[in-house]
Amino acid sequence: MVALGWWWNGLVVNAWSVAARVSGGHGSVVSLGLVVADILNFREVAPVLIFPMVATTMAEKFSILALHGFTGSGTDFDLARSLFPADIAWDTPDIPALPLDKLCEFLRGRWEKLSGSRTLLGYSMGGRIALHLVARLSWCAGDKLVLVSASPGLADPQQRAARRNNDELLAREIDSCRSATEFYERWRQTPLIATQDRMPPPWRERLLASRCRGDLHTWASHLRLLGTGLLPSLWGKLSGIVAAETLVVVGEEDAKFSRIAAQMVAEIPHCRRIVVAESGHAPHLENAAEFARLLSPLLFDKPALL
């Protein structure tokens with residue numbers, strides 16, 4: 001808040017410029033007004049000056065809440081974000097290590113702060129969370145859901161039990177590591193993750209540096225609290241919980257999630273599949289230009305910045 005003051009016939013007049021509520025890419029409200037303040041050292045009766053208050057609301061036309069994947073962070077969306085129109089308001093939180101109910105409450109609060117036509121985007125783990133979140137949100141006309149390399153879970157109880165066991169073993173491996181770098185150097189060799197090495201060099205180095213600053217406890221907790229084997233399967237329920245216009249996005253080289261995407265399209269009303277060429281499990285990282293080119297007109301009625 002900035003105050004400017006000047007004297008007029010013994011009257012101090014302050015001009016206040018008030019900027020309120022600018023939070024993590026959310027909508028902003030700017031108020032500008034002139035306010036009469038202290039009257040000091042009166043030697044005569046001075047007229048009181050009242051300046052009109054002018055209020056202007058600058059709400060974004062489009063906004064997006066983006067949820068990252070396992071070992072990720074909100075900065076994972078920086079590359080794609082740089083290719084979308086600059087006037088889109090983004091909220092890209094680091095997903096905290098919370099049980100599903102508390103996490104959904106946390107994210108619902110952020111969703112409610114978005115303005116304009118809103119998009120909920122989730123990648124991999126973030127997409128799984130998004131599917132459990134949608135039924136707890138208020139949706140307006142024009143709001144959209146984007147699921148990138150995401151799954152509604154495992155319908156088979158035995159597969160879920162096996163996945164829980166595998167996730168616990170992975171969490172214990174994380175617990176045994178001395179640093180995030182130690183674990184991530186192993187994890188990035190996983191075939192599903194290895195294709196991220198095709199990112200442009202400056203962005204690849206930024207991603208690696210971000211991973212090396214990661215928190216081992218948070219990663220292990222994500223597996224134990226939000227793992228595919230732990231969360232209930234949503235197969236057979238999608239048509240009842242997803243009402244928004246939905247885009248299911250996959251990389252053309254990700255055969256497993258391409259099959260899952262086709263199944264989700266068959267279940268979710270108002271849903272279409274988007275295939276990003278020359279990419280695997282993380283199309284927004286591996287071919288961000290094509291990702292933005294395909295999605296920007298559908299989400300924001302504007303071309304990507306290519």
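Everything quoted here is computed from the prediction, not taken from an experiment.
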Item checked: Non-hydrogen atoms of P85 and P303 that approach each other most closely -> CG-O, 3.7 Å
Check: Atom NZ in K144, atom CZ in R118: separation rounded to 0.5 Å?
Finding: 12.0 Å
Notebook entry, point to check: Is the shortest side-chain N to carboxylate O distance from R160 to D156 below 4.0 Å?
Noted result: no
Checklist line | Cluster overlap L216 with Y184, hydrophobic side-chain contacts below 4.5 Å | finding: yes
Next item on the list: Using the test side-chain hydrogen bond (donor to acceptor under 3.5 Å, both in side chains), find all partners of D78 that sit at least two apart in sequence or belong to another chain.
Entry: R206
Next item on the list: Share the residues that join L169 in a hydrophobic cluster, the rule being Ile, Leu, Val, Met, Phe, Trp or Tyr side chains under 4.5 Å apart at the heavy-atom level.
Entry: none
Next item on the list: Find the distance between CG (L145) and NE2 (H270) and round it off to the nearest 0.5 Å.
Entry: 13.0 Å
Note to self: To the closest 0.5 Å, what do you measure between OG (S63) and CZ (R110)?
What the structure shows: 12.5 Å
Next item on the list: Could you tell me which residues satisfy ring-ring contact (aromatic ring centres under 6.0 Å, His included) with F300, sequence neighbours excluded, listed by chain and number?
Entry: F62, F84
Check: Taking only residues two or more places apart in sequence, or in another chain, which ones meet E173 in a salt bridge (charged side-chain N to carboxylate O under 4.0 Å, His left out)?
Finding: R186
Next item on the list: Would you mind reporting whether E252 and S279 have side-chain heavy atoms less than 4.5 Å apart?
Entry: no
Check: T218: what forms a side-chain hydrogen bond (donor to acceptor under 3.5 Å, both in side chains) with it, not counting sequence neighbours?
Finding: D215
Margin query: Would you say that T71 contacts R188 through its side chain, given a criterion of any heavy-atom pair below 4.5 Å between the two side chains?
Written below: no
Next item on the list: Answer yes if L299 and V276 sit in the same cluster of Ile, Leu, Val, Met, Phe, Trp and Tyr residues linked by side chain heavy atoms under 4.5 Å apart, and no otherwise.
Entry: yes
Checklist line | Geometric class of the F183/W219 ring pair [parallel <30°, tilted 30-60°, perpendicular >60°] | finding: tilted
Check: How would you list, by chain and number, every residue that makes a ring-ring contact (aromatic ring centres under 6.0 Å, His included) with H68, sequence neighbours excluded?
Finding: none
Margin query: Can you see whether S210 engages S73 through a side-chain donor-acceptor pair at a distance of less than 3.5 angstrom?
Written below: yes
Please list, one pair per line, the donor and acceptor atoms closer than 3.5 Å that link side chains of residues 233-249 to other protein atoms, with sequence neighbours excluded.
{"unit_1": "S233", "atom_1": "OG", "unit_2": "W235", "atom_2": "N", "d": "3.2"}
{"unit_1": "W235", "atom_1": "NE1", "unit_2": "G153", "atom_2": "O", "d": "3.0"}
{"unit_1": "T246", "atom_1": "OG1", "unit_2": "A244", "atom_2": "O", "d": "2.9"}

Item checked: R136 and D101, any side-chain heavy atoms less than 4.5 Å apart -> yes
Next item on the list: Keeping the roles fixed (side chain from S149, backbone from H281), state whether a donor-acceptor pair exists under 3.5 Å.
Entry: yes
Next item on the list: Output all residues satisfying side-chain hydrogen bond (donor to acceptor under 3.5 Å, both in side chains) with Q196, sequence neighbours left out; order by chain, then residue number.
Entry: none
Check: Are L98 and L131 connected, step by step, through hydrophobic side chains (Ile, Leu, Val, Met, Phe, Trp, Tyr) whose heavy atoms are closer than 4.5 Å?
Finding: yes
Check: So does R211 pair up with D76, basic N to acidic O under 4.0 Å?
Finding: yes
Next item on the list: Could you check if a side-chain atom of W139 sits within less than 4.5 angstrom of a side-chain atom of L120, using non-hydrogen atoms only?
Entry: yes
Check: Between R128 and T228, does a side-chain hydrogen bond (donor to acceptor under 3.5 Å, both in side chains) hold up when you go through it step by step?
Finding: CA-CA 8 Å; R128 182 166 67 251; T228 303; 3.1 Å; yes
Margin query: I'd like to know if K102 pairs up with E105 as an ion pair, taking the criterion as any Lys NZ or Arg NE/NH1/NH2 lying under 4.0 Å from an Asp or Glu carboxylate oxygen.
Written below: no
Notebook entry, point to check: Salt bridge check: are D301 and K61 linked by an N-O gap of less than 4.0 Å?
Noted result: no
Notebook entry, point to check: Could you go step by step and tell me if E253 and R198 meet the salt bridge (Lys or Arg N to Asp or Glu O under 4.0 Å) rule?
Noted result: CA-CA 13 Å; E253 299 168 14; R198 69 178 69 182; 2.8 Å; yes
Notebook entry, point to check: Hey, what do you get for CG (L226) to OG (S221), rounding to the nearest 0.5 Å?
Noted result: 9.0 Å
Next item on the list: Answer yes or no: is there a side-chain heavy-atom contact under 4.5 Å between M264 and P152?
Entry: yes
Notebook entry, point to check: Side-chain heavy atoms under 4.5 angstrom apart, residues restricted to Ile, Leu, Val, Met, Phe, Trp, Tyr: same cluster for I95 and L230?
Noted result: no
Notebook entry, point to check: Is the closest basic N to carboxylate O distance between D91 and K113 below 4.0 Å?
Noted result: no
Next item on the list: Start with the C-alpha gap between R172 and D167, add the side-chain angles, then the distance that decides, and say whether salt bridge (Lys or Arg N to Asp or Glu O under 4.0 Å) holds.
Entry: CA-CA 9 Å; R172 291 179 185 178; D167 283 349; over 6 Å; no
Check: Hydrophobic cluster mates of L306, side-chain heavy atoms under 4.5 angstrom, ILVMFWY only, any path?
Finding: L83
Note to self: Any carboxylate oxygen within less than 4.0 angstrom of a Lys/Arg side-chain nitrogen, looking at D175 and R224?
What the structure shows: yes
Notebook entry, point to check: Considering all heavy atoms of both residues, which atom of L107 and which atom of P93 are nearest to each other, and what is their separation?
Noted result: CD2-CG, 4.3 Å
Next item on the list: Kindly write out the residues that satisfy salt bridge (charged side-chain N to carboxylate O under 4.0 Å, His left out) with E205, not counting sequence neighbours, or none if the list is empty.
Entry: none
Check: Any side-chain heavy atom of L147 sitting closer than 4.5 Å to one from Y123?
Finding: no
Item checked: Contacts of R204 that satisfy side-chain hydrogen bond (donor to acceptor under 3.5 Å, both in side chains) - sequence neighbours left out -> none
Next item on the list: Determine, step by step, whether E112 and S138 satisfy the side-chain hydrogen bond (donor to acceptor under 3.5 Å, both in side chains) criterion, reporting the C-alpha distance in whole Å, the side-chain angles of both residues, the deciding distance to 0.1 Å, and the verdict.
Entry: CA-CA 8 Å; E112 296 300 335; S138 60; 2.8 Å; yes
Next item on the list: Return the set of residues passing salt bridge (charged side-chain N to carboxylate O under 4.0 Å, His left out) with R272 (not counting sequence neighbours), or none when no residue passes.
Entry: none
Item checked: Near-ring test H284/F77, centroid separation under 6.0 angstrom -> yes
Notebook entry, point to check: Out of curiosity, T75 OG1 to D94 CG, how far, rounded to the nearest 0.5 Å?
Noted result: 7.0 Å
Checklist line | Inter-residue atom distance R213.CZ - L208.CG, 0.5 Å rounding | finding: 10.0 Å
Notebook entry, point to check: Hey, quick one: are L305 and W90 part of the same hydrophobic cluster, counting side-chain heavy atoms closer than 4.5 Å, chains of contacts allowed?
Noted result: no
